[in-house]
2 protein chains.
Amino acid sequence: MHYAPDIASPPPALRRGLACCNDACRHAHACQATRGGAAELLAMREIVERAGPFADGDRLVQPDAPHLAAYAVLSGLAMTVGGGRVLAFHLPGELFALDATRQGQHTHSVVAVGKTWFCRFPRAATDALCEHDDAIASHLRGLRREERRRPAQGDDAPALARVASFLADLLTRRRQVEPDTTFIPLPMSRDDIGSYLGMSAATVTRMLARLRADGILTVRNDGVCIADAAALAGHGLTA
Amino acid sequence: MHYAPDIASPPPALRRGLACCNDACRHAHACQATRGGAAELLAMREIVERAGPFADGDRLVQPDAPHLAAYAVLSGLAMTVGGGRVLAFHLPGELFALDATRQGQHTHSVVAVGKTWFCRFPRAATDALCEHDDAIASHLRGLRREERRRPAQGDDAPALARVASFLADLLTRRRQVEPDTTFIPLPMSRDDIGSYLGMSAATVTRMLARLRADGILTVRNDGVCIADAAALAGHGLTA
DNA sequence: CGACTCTTTGATCCTGATCAACACCGGTGG
DNA sequence: CCACCGGTGTTGATCAGGATCAAAGAGTCG
């Protein structure tokens, strides 16, 4: 729980545009910025700036600061923090910080978890693209709606179900990028997971232990290996 | 928890329009249909039909049925039920069933609690009024927004706070009609209150007992008398 | 008056929070 | 290379809030 101790010295953008955002990128096929296959979206590649590396706890954006860009995770992990709670985790290939207040300010903090690189989409360039191209505009509108809707989480479900469906969600999202993976990296602390799920860190550990005892996963010190994804989904049922 | 056993034989509208909806009505000054003092709203009075009496458990509207009217409580109490939960209580003077699906169907059930009379605002007449008069249209739009927003309740607050703020809410709403009252009728069962607040009936009783022990209210078999409204509000704080 | 339902109250159980002890790691400095 | 250290993860013990079950009052309606 030591996030955002100070604003990190903002690392410079090292490379820009097609020089860094092209089919050679690990997530090119699945990146939320260009996903969907529509050729029009490829224009997004030309406005990208690569930003990083950020170290653990560095704050990428802070609330009330002017909204100058949206971001995608290139590698590592980021989380959105607000009101003393973790509101979302962002995996490689996922866009975030799309939303802004009516006054054009960020609504939450976003902090890096471990060493992390980002792809930066400057606001001005993005807006220009949206005016030119309806496909891009509606694509981003959809993602923004999705981001805003997230916080609606299962609230009074038992702890085991919340952890299970959290992992199932992470697995699904990771498989957008790496289809057959069974490993879910968890570089964030148990406290952060607990904050996100509304339970104590000790309970997170206990629920993982229970899933392990049920043969559903194995716990490593950098994440979990899902042995039985179907059973995992089964535990997440609210029934 | 015996609501909606069967569809009640729909009681006929006994009187219509100004013959039943005028300044002689107990809630005329506070009825949500005409509240705000704007003279334009008084046109609502001419389209009213009085409906009742309904008996305990009678279903006034049911989900997926065509949305033919909105209602206000004239006397008694109504509750909106959906998904096996009580979603809202409706006090005398309050409008409900304003919302409909895109296909023009009701979204939830509404059942009477005890002997209850309603004021019925037929959909066709209401729509006609709205086209004629922007004041009425925006007034109803506002109420509809309010109705839709309701379900956002304190969810993980302790039981005592939930009961306290529930009573504080009821008191505030009752005072719209009867400004200095300290009595809150509770004709619904403890089960229904518990369902609404997300706790067991036994816990509702226990929390009422605790508030009584603290001298905040006295419990009667038909409701509670608030002795210290300020302290009641204090218990509702999420702090 | 009697059957029934609802409320109240007590006893027990279960879930998850909290606290504390301990193991495990990744460093740092000798 | 090894001892030391602080942070994190795990695990056990205890605790509190509320659910559940059961039994005993209190109305209510026939």
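Naming: A, B, ... by sequence-line order, numbering from 1 per chain. Just so it is clear, the values below take in all heavy atoms, side chains as well, and ignore hydrogens, waters and symmetry mates.
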Over how many whole Å does the gap from [X] atom [atom1] to [N] atom [atom2] extend?
X      : N      : atom1 : atom2 : value
A/D222 : C/dC24 : CG    : C1'   : 14 Å
B/L211 : C/dT8  : CG    : C1'   : 15 Å
B/I193 : C/dC6  : CD1   : C1'   : 12 Å
A/N221 : C/dA23 : CG    : P     : 18 Å
B/D191 : C/dT5  : CG    : P     : 13 Å
A/R210 : C/dG16 : CZ    : C1'   : 10 Å
B/L197 : D/dG18 : CG    : P     : 12 Å
A/L186 : D/dT8  : CG    : P     : 16 Å

**Request:** Describe, in one word, how the ring planes of B/F54 and B/F118 are oriented to each other, choosing from parallel (under 30°), tilted (30 to 60°) and perpendicular (over 60°).
**Result:** perpendicular
**Request:** Quick one: sort the B/F89 and B/Y196 rings into parallel, tilted or perpendicular, breaks at 30° and 60°.
**Result:**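 Because their plane-to-plane angle is over 60°, the rings of B/F89 and B/Y196 count as perpendicular.
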**Prompt:** B/L170 versus B/L186: any side-chain heavy-atom pair under 4.5 Å?
**Reply:** yes
**Item:** Pairwise side-chain contact, B/H27 with B/L74, heavy-atom cut-off 4.5 Å (strictly under)
**Value:**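 Of all side-chain heavy-atom pairs linking B/L74 with B/H27, at least one is under 4.5 Å.
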For [X] and [Y], indicate whether the former's side chain and the latter's backbone hold a donor-acceptor pair under 3.5 Å.
X      : Y      : answer
B/H29  : B/V177 : yes
A/E147 : A/A97  : yes
A/T80  : A/L87  : no

**Fill in**
By nearest-heavy-atom nucleotide on DNA chain C, the more 5' of A/M199 and B/M188 is B/M188
**Message:** One pair to check against side chain to side chain donor-acceptor pair (under 3.5 Å): B/S195 and B/D192. What are the steps and the verdict?
**Reply:** CA-CA 5 Å; B/S195 168; B/D192 292 330; 6.0 Å; no
**Asked** Going 5' to 3' along nucleotides 10-17 of chain D, which nucleotides have protein heavy atoms under 4.0 Å from the base (write B), which only from the sugar-phosphate (write S), and which from neither (write -)?
**Response** SBBB----
**Item:** Global bending angle along the helix from C/dT7-D/dA24 to C/dG30-D/dC1, which compares the axes of five pairs at either end, to 10 degrees
**Value:** 10°
**Asked** Run the side chain to side chain donor-acceptor pair (under 3.5 Å) check on B/T172 and B/D169 step by step: do they pass?
**Response** CA-CA 5 Å; B/T172 301; B/D169 178 49; 5.7 Å; no
